[in-house]
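Here is the structure we will look at, set down as C-alpha cells.
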Amino acid sequence: MSTTRKIQTPLTEDVIASLHAGDMVLLSGEVYTARDAAHRRLCEALSQGLPLPIDLATSTIFYAAPSPTPPRRVIGSIGPTTSYRMDAFTPALIEHGLRAMIGKGSRSAQVIESIKKNKAVYFGAIGGIAALTAGRVTKIDLVAYEDLGPEAIRKLSILDLPLVVINDSRGNDLYLSEREKWRTLS
Amino acid sequence: MRRINARKITKAVKTLFIEANTVLGKDVMEALQKALSTEESDTGRQVLQKMIENADIARREKIPICQDTGLAVVFVELGQDVRVTGGPLQEAIEEGVRQAYQDGYLRKSVCDPLTRANTNDNAPSILHMDIVPGNQLRIIAMPKGGGSENMSAARMLTPAAGIEGIKKFVLETVEAAGANPCPPIIVGVGIGGSLEQACILAKKALLRPLDGEHNKDERLARMEDELLKRINALGIGPGGLGGRVTALAVSAEMMPCHIASLPVAVNLQCHVARHKEVII
C-alpha cells in the first residue's frame, strides 16, 4: 500500500491513469449516489435515448443509500453497498461516459474489461463504517428519482473520503491480489 | 394467565430496533478488539480500527452504525401462559418496527420483490414465533443487512456428503462471498431439519454471543473450531483487503433430518452483528 494521496472530482483522464490498484486516496468534491433501482432507470433512459439527470462523463457514482438525516445533522449514516448488483448496468454507463465508481466487493469480468478498455476506475470504500463516513459529507441534495426513497440519486459534497483503488485502468484487481498474498489454505 | 398489553410490546420492539442499530454489542466490540491484536496485515488493522471507531461514534451520537439498518428479523418466544391484550401480537410487533424505523431515523429498506417499490415503513418484519412454557414474552430484534444476507446459501446435501461435505459447502460459501458481506464476518451454520428449518437454525446460530463459546455437541464444537481456522486461512481479511481475520466466529446449530437428506444453510453476518433482546 502506498501513502495516501488527495484527489478531487471531477476526476480527469490523467488522474485516473495515474491511479494504481492498492493506492489509498482521499477524495473530495461531488459524488452522486445511485444503486439498484436508480441504475435500472438510468439504463432505461439510455436505451430510450432520453436525457439523464446526471452528466456521466464528469460524475463519480457512489453505490450508496444513506439512512434518513436526523435533525441538526448534515446526513444520516452512509457507506457503500455491494457493487456486483450494479454489474449488469455498469458497462452501458461506462460506454456512455462514466469513469469513476465507488462501492464494495468484486466486479464481474465484463465490468473489469470495460474499466480497462475505457480507462475508468473503481474505488472501494469500507462497508459498515457508516457513522464514520457520514462525517466526510458536508452537503446532501436530492437530484432525481425522489420516489425511490433511499434509492434516489443524491449529490453529496464530500471532504477527504477515504478510498482504496480496487480496479485501476490497467485491469488490476486489488481484492484478488491481496487475497492471494494472504491465503494460506492448502 | 398473565396479561401483557400490546402497547407494551410495540414500545419494546421500537426500543430494541433503535438500540440494536446504534449500539454494537459488547461481545462484538471485544471480538473486534481481539481481531485487532491478531491481525498481521497493516491494512487489515487499519480497517478494524475504523470499525471500532465507527461503532464508538454511532453509540455516542446515537446514529446508525451502518446505513443498512436492515430487514427487521424478530424472534419471539411466547410463554403459553401469556395472553396478549389490546390487539393482535403480530400487529403490535409490526407497529414497533414501523415506529423504530420512522422515529429512529433508520433506513427503510423493504420493497416489493417485483416492482421494487419501497413499503416506506420497513414493514413487514420477518417474524419467527415459538410457543414456550411459562408466562414470559422474550423478544429478540435482529436488524439484518442485505449485503451479508445476499451471500448466504442453503443446499440439500446427500447423506453421503457427511461432515466433510458440510465443511466444504461452508468454505465455498465464504470464499465466494469475498469482500461482499463486510468481513470480518460471523458464520452461522444450520444443519439438518428441512430446507427452511436449516435456514432458521443458521440464523439462530448468529444470535450466539461471541465469547468463544462453542456448541455443546462435541462434534459441532470441533467443526466450528476447524472451520474458523480454515476460513481465516482464506486471506480475505478485514474489508476484503487481505489479512488473517476473515471471520470472528463460526456458530453451528443442528437437529435431526430425513433419512434421505442432509440440509445445510450458511447464514453470513457482517461485522455490524446486531441483535438485542428483552424479556417481558
Side-chain angles (χ1 to χ4, degrees), chain A residues 1 4 22 24 33 35-38 40-41 64-71 73 75-85 103-107 124-135 147-152 162 164 166 174-186, chain B residues 21-22 40-44 47 50-51 53-59 61-69 102 104-109 111 116-118 120 145-147 150-151 171 175 177-183 230-244 270-272:
Chain A
M1 299 278 165
T4 303
M24 300 281 194
T33 65
R35 52 175 289 163
D36 308 71
R40 177 170 290 280
R41 283 210 190 160
S67 60
T69 308
R73 296 192 77 93
I75 190 174
S77 296
I78 184 160
T81 194
T82 322
S83 306
Y84 78 93
R85 298 194 314 274
K104 71 169 162 90
S106 298
R107 310 308 303 264
I126 299 164
I129 58 160
L132 187 58
T133 306
D147 61 299
L148 295 180
E151 294 197 70
V164 55
I166 303 291
L174 184 73
Y175 286 132
L176 279 187
S177 57
E178 286 302 306
R179 201 196 290 200
E180 276 317 302
K181 199 186 293 177
W182 289 94
R183 190 187 162 98
T184 54
L185 192 71
S186 48
Chain B
N21 269 303
T22 51
E40 294 169 33
S41 152
D42 285 341
T43 306
V47 171
K50 283 186 173 151
M51 288 169 180
E53 189 189 342
N54 178 67
D56 286 339
I57 292 173
R59 186 181 56 248
E61 302 187 12
K62 299 184 170 62
I63 56 175
I65 309 159
C66 179
Q67 80 287 342
D68 183 355
T69 51
Q102 183 60 38
Y105 297 92
L106 307 180
R107 196 183 75 188
K108 294 150 191 127
S109 312
C111 70
R116 313 304 296 179
N118 202 294
N120 290 321
N150 277 344
M151 295 295 111
L171 270 173
E175 185 155 35
N180 292 356
C182 292
R230 288 170 71 182
I231 286 167
N232 284 336
L234 288 172
I236 295 167
L241 295 172
R244 302 284 180 225
C270 61
H271 64 88
V272 189

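Within every chain, numbering begins at 1; the chains are lettered A, B, ... in the order of the sequence lines, protein sequences first and strands thereafter.
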Exercise for review: Heavy atoms only, distances under 4.5 angstrom: which of A/Pro80, A/Ala65, A/Ala37, A/Ser106 has the most pairs with chain B? Name it, please.
Suggested key: A/Ala65
Review point. Given a strict heavy-atom distance threshold of 4.5 Å, which part of A/Ala134 is in contact with chain B: side chain, backbone, both, or neither?
Key: neither
Check your understanding: What is the distance from atom OG of B/Ser41 to atom NZ of A/Lys181, rounded to the nearest 0.5 Å?
Key -> 8.5 Å
Review point. In Å, rounded to the nearest 0.5 Å, how long is the span from CD1 of A/Ile126 to CG of B/Asn54?
Key: 10.0 Å
Point to revise | Atom group of A/Ile129 that falls short of 4.5 Å from chain B, counting heavy atoms | key: both
Point to revise | Proximity breakdown for A/Thr69 and chain B, heavy-atom pairs closer than 4.5 Å | key: backbone
Exercise for review: Enter the distance from A/Ile78:CD1 to B/Ile63:CD1 here, rounded to the nearest 0.5 Å.
Suggested key: 12.0 Å
Revision key, fill the gap. Cut-off 4.5 Å, heavy atoms of chain A, and the answer for B/Leu106 is backbone
Check your understanding: Does any heavy atom of chain A fall under 4.5 Å from the side chain of B/Gln102, the backbone, both, or neither of them?
Key -> neither
Check your understanding: Of all of A/Gly135, A/Ser177, A/Gly128, which one pairs up most often with chain B through heavy atoms under 4.5 Å apart?
Key -> A/Gly128
Exercise for review: May I ask you to test the A/Pro71-B/Tyr105 pair for a side-chain heavy-atom distance under 4.5 Å?
Suggested key: yes
Check your understanding: Are the side chain of B/Asn118 and the backbone N or O of A/Pro150 linked by a donor-acceptor pair below 3.5 Å?
Key -> no
Review point. About how many Å separate OG1 of A/Thr82 and CG of B/Asn180, when rounded to the nearest 0.5 Å?
Key: 5.0 Å
Practice item. Determine, for B/Arg116 against A/Glu151, whether the closest basic-nitrogen to carboxylate-oxygen distance falls under 4.0 angstrom. Key: no
Point to revise | Pairwise distance CD(A/Glu178) to CD1(B/Ile236) - rounded to 0.5 angstrom | key: 13.0 Å
Point to revise | A/Pro66, part contacting chain B, at a heavy-atom distance under 4.5 Å | key: backbone
Exercise for review: Name the region of A/Pro162, side chain, backbone, both or neither, that has any atom closer than 4.5 Å to a heavy atom of chain B.
Suggested key: side chain
**Study point:** Interchain contact, A/Arg40 with chain B, by part (heavy-atom threshold 4.5 Å)
**Key:** neither
Practice item. Could you look at B/Ser109 and say if it's the side chain, the backbone, both or neither that has a heavy atom under 4.5 Å from chain A? Key: neither
Check your understanding: Measuring from B/Glu175:CD to A/Leu185:CG, what's the distance to the nearest 0.5 Å?
Key -> 7.5 Å
